[in-house]
Number of protein chains: 2
Amino acid sequence: MKIDEVNWKILKMLQENARIALKDLAKEVGLSSPTVAERIQKLEDADVINSYQTKINLDKLGYSLGVYITIKIRFGQTQRFEEYITTVPEISECHKLTGRDCMLLRGVVRDPKHLEELNIRLAVYGELTTSLILNSIIDGKIYSGHF
Amino acid sequence: MKIDEVNWKILKMLQENARIALKDLAKEVGLSSPTVAERIQKLEDADVINSYQTKINLDKLGYSLGVYITIKIRFGQTQRFEEYITTVPEISECHKLTGRDCMLLRGVVRDPKHLEELNIRLAVYGELTTSLILNSIIDGKIYSGHF
DNA sequence: GCTGAAAAGTCCTATAT
DNA sequence: ATATAGGACTTTTCAGC
C-alpha cells in the first residue's frame, strides 16, 4: 500500500476528527469527494485504517484515577488470567510484555478504595505493582508521515 | 451530566464506530434523528465525548514492533524531557507515574535496529527499561455502562 | 424533551476527460 | 486516475406537542 502525501493528509485529518465530512476532506486536499472516498476505501481495504473510535472522558463520569498495573502471573495461571481480564470493566488495555513482570494493564477507577478493591480481584493471578497516572504528557498521537 | 440507558447505548455505538450515521443510531435506540443529534451535542458539550479518532494500523506501514519504555529521569531533566518527548514521532503515549521509574512511554518502531536508535536518543534523559509488546489482549476498550 | 416535515447539505453513481 | 453533475439520501432546523 502506497501512502503518498495526499493519503497522509487524509489520514492526518481523519485521525484528528473521524467524523469529518468527505466534502471538507476533499476541499482540504484539493481533490473531489468521490476521489477522496475511493482513497479512503482503499486505505480501509488495506487495513491501514483500523477503526473509527469515539474517545470518552471517563473522569467526567466519576472515574478520575488512571492506573498502570504490572502483574507477574503465577505459574500456570496465564490462560485463566487472559480469560478473566477481558471481563474486568476497569481495564482498558492488557499487553503481554517481554521481561519479568509479563503483563501490563491500564485501568481506571473512581477512588483509592475502588483501586484497592480492583487490586484484590487481580491479585489472585499474580504479584501486582500499581502506579497512578499523575499526568499524561501524550495520550493518543496523530501520525502524519513516515519516520 | 446524566447518562441514562439511551445515552450509554449511543456512547457504545459511537465508540464502536465513530462514523456511524445519525439515522442508524436513531433507529437502533428508537428515537428520531434530531433527538439523537441533540443528545450527542450535549455529550460533546459536557466533554463526556472527548474526540472522534481514526485508529491506523502502523504495522501495515512497516512499524511492526510495539514497545513500552520506562524512564527514570535524571535529576533536573524533567522539563527538558517533556518538551523533547512531544517531538519524537515514535512515541504515542507518555505518562508521568508514581513510583521510581517515573515516566512510562509507548512507542512503535520498524525493527530492533530502529529501537536501539530510539533508545540512544532517549537515554540522554535518564535510565531506560525497554519491553517489547508480545501480544495485546485488550487495546482500546468499549465502555457500555457504569461499573 | 420528543416528533415530523421541510429545507439545507452531503454523498453516491454514472458519465466524461 | 480524477472531475462534474444529477438524483438519492442524511442531517438540521423549526413549529407544535
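Bear in mind that the values here come from a model prediction, so they are computed numbers and not experimental data. Per chain, numbering begins at 1; letters A, B, ... match sequence-line order.
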Q) Are A/Tyr125 and A/Tyr84 close enough that their ring centres sit under 6.0 Å apart? A) yes
Q.
What's the closest nucleotide to the side chain of A/Leu22 if the choices are C/dC11, D/dT12, D/dT2?
A. C/dC11
Q. Where the side chain of B/Lys42 is concerned, which of C/dG1, D/dA3, D/dT13 is the nearest nucleotide?
A. C/dG1
Q: Name the nucleic acid region contacted by A/Ser33, choosing base, sugar-phosphate or nothing; use a 4.0 angstrom heavy-atom cut-off, strictly under.
A: nothing
Q) How would you label the contact of A/Arg39 with the nucleic acid (heavy atoms, under 4.0 Å): base, sugar-phosphate, or nothing? A) sugar-phosphate
Q: Just compare C/dC11, D/dT2, C/dC12 and give me whichever is closest to any side-chain atom of A/Lys23.
A: C/dC11
Q: Measure from NZ or CZ of A/Arg110 to the centre of the six-membered ring of A/Tyr63, then state whether that distance is under 6.0 Å and the direction lies within 45° of the axis.
A: no
Q: For A/Lys27 and D/dT4, give me the distance from atom NZ to atom C1', rounded to whole Å.
A: 17 Å
Q) Starting at the 5' end of DNA chain D, which residue's closest nucleotide do you reach first, A/Thr35 or B/Ala21? A) A/Thr35
Q: Figure out the CD/P separation between A/Gln41 and D/dT2, and round it to whole Å.
A: 15 Å
Q) Can you check side-chain contact (heavy atoms from CB on, under 4.5 Å) on B/Arg39 and B/Asn7, steps first, answer last? A) CA-CA 7 Å; B/Arg39 280 171 175 264; B/Asn7 276 358; 2.8 Å; yes
Q: To the nearest Å, give me how far apart CD1 (A/Ile20) and P (D/dT11) are.
A: 16 Å
Q | Length of the CD-P vector between A/Glu38 and C/dC11, whole Å | A | 16 Å
Q: Measure the distance from CG on B/Leu31 to C1' on C/dC2 and round it to the nearest whole Å.
A: 8 Å
Q: Looking only at non-hydrogen atoms, find the nearest pair between A/Arg121 and A/Val88 and report the distance.
A: NH1-CG1, 3.8 Å
